[in-house]
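First up is the structure itself, then whatever we jot down about it.
Predicted, not measured: the structure shown is a model, and the values here were computed from it. Numbered from 1 within each chain, the chains take letters A, B, ... in sequence-line order.
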Amino acid sequence: MESFLNRYRHITVLLLVICAQLVLLAVQVKNDQDVRFIRIWTITAVTPVARLVEGLRGGSVGFLHNYITLHDTNAENRHLREEVGQLKLQVIFLQNQLNTADRAKALQIFQATTPSKTLAANEIAIAPGTDSKVVTVNRGSLSGVERGMAVVTPDGIVGKVTAAYPTASMVQLVTDPEFAAGVISQKGGVRGTLKGQGTPNCKVDYVAVEEKVEVGEWFYTSGDDRIFPRGFPVGIVRAVRTPDRANFKEILLEPVGVQHGVEDVLIILQGVHQDIPDTPPANQPVYLEPPVPASAAGAPGAQPAAVPAVGTEADKLRTLYKAIGDAENHTYGEGAPGTKPPDFNIKLPNGATGPPTPAAGTGIAAPVPGAKPPGALPQTGNPPDAVRHANQAAGDPSGVSKK
Amino acid sequence: MSYPDGRILLNSQREGQVSRFRAWVLLAVPLGAILFQVYVPLFFQFLRFLEVPLLVVVYFAIMRRSQISGLVIGALVGLAQDSLSNKPLGMYGIAETLVGYFAASVGMKLDVDHPFIRLLLSFLFFIVHRFFYWIILRAMLGKQMAFDIQTTLVLALLNAVVGVSLFHFLDKLRETA
């Protein structure tokens, strides 16, 4: 070092003197922003070093913190994992709540529209066994459930009650190997026996090879088993095979009642047979407006609306006057001036003017005795849905829809 | 005092003769040069072009044949000029430090007693001085000044001519061996 300085001492001294004078200049001179050059130079010289030192320090600390001392990371990781688990559970819970609400709504709509007397139930357990297709629902004999009752969802049949306990019931699903039910195809009306296989699909037995069954065809309950009312959807044909030298077809059916789970089901307490629909049922439940209240449809005992008369108003008047003239033995066009005219205010007997009989004096068509007014609600064996809703709202704890 | 064979370039540094001056000469001559620059133009405006302190620095640098002596003389004279000017300290200082250093460096290789060499060195170092000063002005003060080459060359020539005469006068102040 000393020899180096001796060798270049002239240039070293020159640089020192120049630097000293530069410093002197920098102390005095300011830049455009009124900052002295000495400050700018100092900061410019110091900043990279400080940045380098800070980078080294930060890197070292970060290295120590992130790679050497991991106790915080470990604890934080554990905490985050617990939090993620709780959030996942919360998401699942909320999704289940949402699904439950959807299913409940579909069940409510179905329950309100089906003519059968049903009881809503929830799955609370499944029977042990890997191949078991039996579930336990939270309605039992105290709610009116009996062994052999059908269990359905809005999509289709689910199974049947195999045991009814006071507060719960065992339901054998359609996929259980021991399940059987009478079914009928939609198009050809081919009858068969639905049997579970322990797999997601069922089979339809005892369909003769001569019968015509197509893939995609719907099967409905036939009502022959005295368990399921006629007309409930069962499933869709997924495969049809005709083995050689066999008497029956092999039909594979996909049950539609258990596709979306059996968490919420309906137990049919009193079934009502229905017709097999011409078209396959829609997969999604359709929202129906509530039925017309009894007051709007006409108070009990009120006269139903008359059948509208056929023809023009002139025809109606002509018919009315003719009837009045016939009743009073009056012949129109024969009375001389000053004679007594016919009394047009008399009350004619019902049916005297035929089907479009107007009410005497009011012009309103009188109801035909014994005739069913077209605008009236159909008089089936079932009470209107409003009645059932009213019964439910009346506080039946079982939620049974009463007839 | 020129070398007897009339050579301008020296074969080695040892051929060069180091001139020595008394201390008061080293002190009084630069001081007088500075005073001349700041005082005489008050009465003779046409003498403003003279850079007598620069010529003195060049003279002492080339005659003493020591780079350190040259740069020290240049620094001191330059700082003194700065002190008397309205410019920040160091403007002339840096420029004349560099001139003193390079003048000493060149003087070690040349026969600095030759009048033409003195004329040439005075001419060149006047330009170098102006150039360094112009650079420092731009770099440190941000003055966007143009470097007027033509004027610089004329002034350099005039100062060189005056410098040859000045150098001849200053030779009288050297110590005799």
Side-chain angles (χ1 to χ4, degrees), chain A residues 1-69 72, chain B residues 13 16 18 57 60-62 64-109 125 128-129 131-144:
Chain A
M1 185 65 183
E2 190 176 351
S3 60
F4 178 84
L5 289 177
N6 285 333
R7 185 176 179 183
Y8 296 103
R9 72 174 183 277
H10 296 151
I11 190 74
T12 304
V13 172
L14 172 68
L15 291 177
L16 286 175
V17 173
I18 294 293
C19 287
Q21 294 183 82
L22 280 175
V23 170
L24 186 63
L25 259 179
V27 169
Q28 310 162 72
V29 181
K30 298 178 179 178
N31 68 352
D32 299 339
Q33 299 170 349
D34 203 25
V35 180
R36 295 184 188 280
F37 273 104
I38 186 68
R39 191 180 298 276
I40 296 172
W41 291 355
T42 305
I43 291 173
T44 306
V46 169
T47 303
V49 179
R51 188 180 301 169
L52 180 65
V53 171
E54 174 59 22
L56 288 174
R57 189 201 65 80
S60 303
V61 171
F63 179 78
L64 284 173
H65 185 72
N66 295 329
Y67 295 99
I68 304 300
T69 58
D72 287 347
Chain B
Q13 193 172 348
V18 177
V57 169
F60 282 120
I62 61 176
R64 286 184 61 84
R65 298 178 186 275
S66 168
Q67 294 158 324
I68 292 178
S69 297
L71 70 90
V72 168
I73 291 171
L76 293 175
V77 171
L79 288 173
Q81 285 183 275
D82 287 329
S83 301
L84 298 173
S85 72
N86 59 349
K87 295 291 192 302
L89 291 177
M91 299 290 291
Y92 276 104
I94 294 174
E96 296 198 6
T97 300
L98 292 170
V99 168
Y101 178 84
F102 290 122
S105 302
V106 173
M108 293 166 66
K109 307 286 185 182
F125 281 113
V128 169
H129 174 264
F131 180 71
F132 282 138
Y133 190 79
W134 177 75
I135 287 178
I136 296 168
L137 270 179
R138 290 178 64 93
M140 298 299 294
L141 302 185
K143 304 276 188 186
Q144 301 299 321

>> If the test is side chain to side chain contact (heavy atoms under 4.5 Å, CB included), which one of B/Leu89, B/Asp82, B/Ile136 qualifies with A/Leu25?
In response: B/Ile136
>> Show the nearest heavy-atom pair for residues B/Leu141 and B/Pro88, with the distance to one decimal.
In response: CD2-CG, 3.8 Å
> What are the two closest heavy atoms between B/His129 and B/Ala95, and how far apart are they?
Replying inline: CD2-CB, 4.0 Å
>> Could you walk me through whether B/Phe125 and B/Val57 satisfy the side-chain contact (heavy atoms from CB on, under 4.5 Å) test, starting with their C-alpha distance in whole Å, then the side-chain angles of each, then the deciding distance to 0.1 Å, before giving a yes or no?
In response: CA-CA 10 Å; B/Phe125 281 113; B/Val57 169; over 6 Å; no
>> Using 30° and 60° as the class boundaries, would you call the ring planes of A/Trp41 and A/Phe37 parallel, tilted or perpendicular?
In response: tilted
>> Just to verify, what does A/Arg51 make a side-chain hydrogen bond (donor to acceptor under 3.5 Å, both in side chains) with, not counting sequence neighbours?
In response: none
> Looking only at heavy atoms, which of residues 68-81 of chain B get nearer than 4.5 Å to chain A?
Replying inline: B/Ile68, B/Leu71, B/Ala75, B/Leu79
>> Heavy-atom cut-off 4.5 Å, strictly under: side chain, backbone, both or neither for A/Gln21 against chain B?
In response: both
> Does B/Arg65 use its side chain to pair, donor to acceptor, with the backbone of B/Gly107 at less than 3.5 Å?
Replying inline: yes
> Which of residues 97-104 of chain B have a heavy atom under 4.5 Å from any heavy atom of chain A?
Replying inline: B/Thr97, B/Leu98, B/Tyr101
> Any idea which heavy atoms bring A/Thr44 and A/Ile40 closest together, and the distance?
Replying inline: OG1-O, 2.6 Å
> Relative to chain B, which segment of A/Val13 carries a heavy atom at a distance below 4.5 Å: side chain, backbone, both, or neither?
Replying inline: both
> If every non-hydrogen atom of A/Arg36 is compared with every non-hydrogen atom of A/Gln28, which pair is closest and at what distance?
Replying inline: NH1-O, 3.4 Å
>> List the residues meeting side-chain hydrogen bond (donor to acceptor under 3.5 Å, both in side chains) with B/Arg138, not counting sequence neighbours, and say none if there are none.
In response: B/Gln144
